[in-house]
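Positions are given from 1, in the same order as the sequence printed here. Hydrogens, waters and symmetry mates play no part in the numbers below; they use all other heavy atoms, side chains included.
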Amino acid sequence: AQREAKMNAEAPKVTPKAAANKPAAANNKQLLFEAMNEHGLTDPHMRAALAGHAKGESNFKIPQSELSYSKTSSKRLKGLFRSTLGHMSPAEIDRLKKDDRLLYNKIYGNKNGNKGGDDGWNFRGRGYIQLTGRANYKKYGDLIGVKDALINNPELANDPKIAAKIAVEYVKDRAKNKKGDAFAKVTKAIGVPVKGVHEKKKQAYNEYLKTGEFHPSRSQYAKAEPVKPTTPAPAPPAKEVAQAAPAAPAPETPKEPSFL
């Protein structure tokens, strides 16, 4: 009993959240693989690059909205959003970042088709590629076939299936004219590389190239073919059954003949 208690104490603890993320990650990989096939992203290197970026950003967990910058230094924010915060003092930025809605409306208020008001907040970054801006929500909503659904309900961009489709269409649209290899093109299309995260993306890209996990010819994540129902063989005629089966012995009391 003591040995068993010691083994239980030493066993790694799996939290409900961690356990839930395992099937979610596998399912999200499958959804991205299917979106690549459905939306015509066929180049193996581009597929590996997109998958590498998705893994580096989220490890294929449920897509999320852009995180709060409330803990980010004013110096860092000024560097990230120089065009909108560059003229502000550190004290002004510190006051602004306390309210996420106010900050997003400030940094994104009139960018990427936003019309001011709460557009910066409503169309902040979401999904695997952190899609931002009213114009992009409209454009890629149209490309994946959901029309104005993303405009009317921006949170749909965090739905794993929709997020996967957006990521594929975005990379197809934005990376094709970029210079460099596939990984460099996807990096330039999605945004400025962040130290630490960028290395994880590159490592995942090389891993997927080596394993071929997202290669278009691989069937691991392909949709299963529907199983065709089999037609049961017709039952033999009653006469054949009668001939095949031995006749029952005649009972003492006369009855109608029966067959096994």
Side-chain angles (χ1 to χ4, degrees), residues 21-64 66-67 80 112 125-133 135-146 150 156-225:
N21 278 331
K22 289 184 178 179
N27 186 60
N28 292 342
K29 279 187 175 183
Q30 177 180 340
L31 291 174
L32 184 59
F33 184 92
E34 292 175 357
M36 290 175 180
N37 291 346
E38 181 182 347
H39 291 268
L41 186 62
T42 58
D43 182 86
H45 289 78
M46 293 297 289
R47 290 167 71 108
L50 173 53
H53 277 74
K55 183 175 181 179
E57 286 283 357
S58 67
N59 204 24
F60 285 105
K61 296 175 184 177
I62 300 299
Q64 297 180 350
E66 194 168 354
L67 299 177
L80 289 172
N112 296 319
R126 289 185 180 87
Y128 291 123
I129 59 167
Q130 294 293 283
L131 188 72
T132 306
N136 285 328
Y137 277 67
K138 170 63 177 172
K139 178 177 182 177
Y140 295 102
D142 288 346
L143 285 174
I144 68 171
V146 299
L150 291 182
L156 284 176
N158 279 334
D159 176 88
K161 188 171 185 178
I162 291 177
K165 293 184 176 186
I166 290 172
V168 172
E169 285 293 349
Y170 189 93
V171 165
K172 282 175 58 185
D173 180 44
R174 297 294 184 94
K176 59 188 177 184
N177 294 322
K178 304 296 183 184
K179 294 182 179 180
D181 61 12
F183 183 81
K185 287 182 177 181
V186 173
T187 299
K188 292 173 183 176
I190 290 177
V192 179
V194 178
K195 188 177 181 180
V197 177
H198 182 71
E199 287 72 19
K200 291 180 181 178
K201 294 175 181 178
K202 188 64 179 286
Q203 183 179 358
Y205 165 67
N206 289 327
E207 173 190 336
Y208 292 140
L209 276 183
K210 183 177 179 180
T211 63
E213 188 170 343
F214 284 87
H215 195 282
S217 65
R218 191 174 181 117
S219 60
Q220 180 179 351
Y221 297 122
K223 288 182 179 179
E225 292 293 329

Establish, yes or no, whether the cationic atom of Lys201 lies under 6.0 Å from the six-membered ring centre of Phe183 and within 45° of the ring axis. no

Work out which heavy atom in His39 is nearest to a heavy atom in Leu143; give both atom names and the distance. CE1-O, 4.3 Å

To the nearest 0.5 angstrom, please state how far the CE atom of Met46 sits from the CZ atom of Phe214. 14.5 Å

Roughly how far, to the nearest 0.5 Å, is CG of Asn136 from CD1 of Ile129? 8.0 Å

Does the Asp43 side chain pair with the main chain of His45, one donor and one acceptor, at a distance under 3.5 Å? yes

Residue set satisfying side-chain hydrogen bond (donor to acceptor under 3.5 Å, both in side chains) with Tyr205, at least two apart, ordered chain then number -> none

State the CG-NZ distance between Leu32 and Lys55, to the nearest 0.5 angstrom. 13.0 Å

Side chain Lys185, main chain Ala49, donor-acceptor under 3.5 Å: no

Counting only heavy atoms from other residues, nucleotides and ligands, does the tally under 6.0 Å from NZ of Lys200 exceed 12? no

Has the side chain of Tyr128 got a donor or acceptor atom that lies under 3.5 Å from a matching backbone atom of Pro63? no

More than 12 non-hydrogen atoms from neighbouring residues, nucleotides or ligands closer than 6.0 Å to CD on Gln203, yes or no? no

Working to the nearest 0.5 Å, report the span between CG of Asn27 and CD1 of Ile62. 8.0 Å

Under 3.5 Å donor-acceptor, Gln130 side chain and Gln64 backbone: yes

Going by distance alone, is a donor N or O of one side chain under 3.5 Å from an acceptor N or O of the other, for Gln30 and Glu34? yes

What heavy-atom pair brings Asp173 and Lys176 nearest, and what distance separates the two atoms? O-CE, 3.5 Å

So, Glu199 side chain and Gly196 main chain: donor-acceptor pair closer than 3.5 Å or not? yes

Between the main-chain N or O of Phe60 and the side-chain N or O of Asn28, is there a donor-acceptor pair closer than 3.5 Å? yes

What residue among Arg218, Arg47, Lys29 forms side chain to side chain donor-acceptor pair (under 3.5 Å) with Glu213? Lys29

Nearest 0.5 angstrom please: Arg126 CZ to Thr132 OG1, how far? 9.0 Å

Can you measure from CG (Leu50) to OH (Tyr208) and round to the nearest 0.5 angstrom? 10.5 Å

In the structure I gave you, are the side-chain heavy atoms of Lys179 and Lys188 within less than 4.5 Å of one another anywhere? yes

Please check if the side chain of Arg174 supplies one atom and the backbone of Ile190 the other of a donor-acceptor pair under 3.5 Å. no

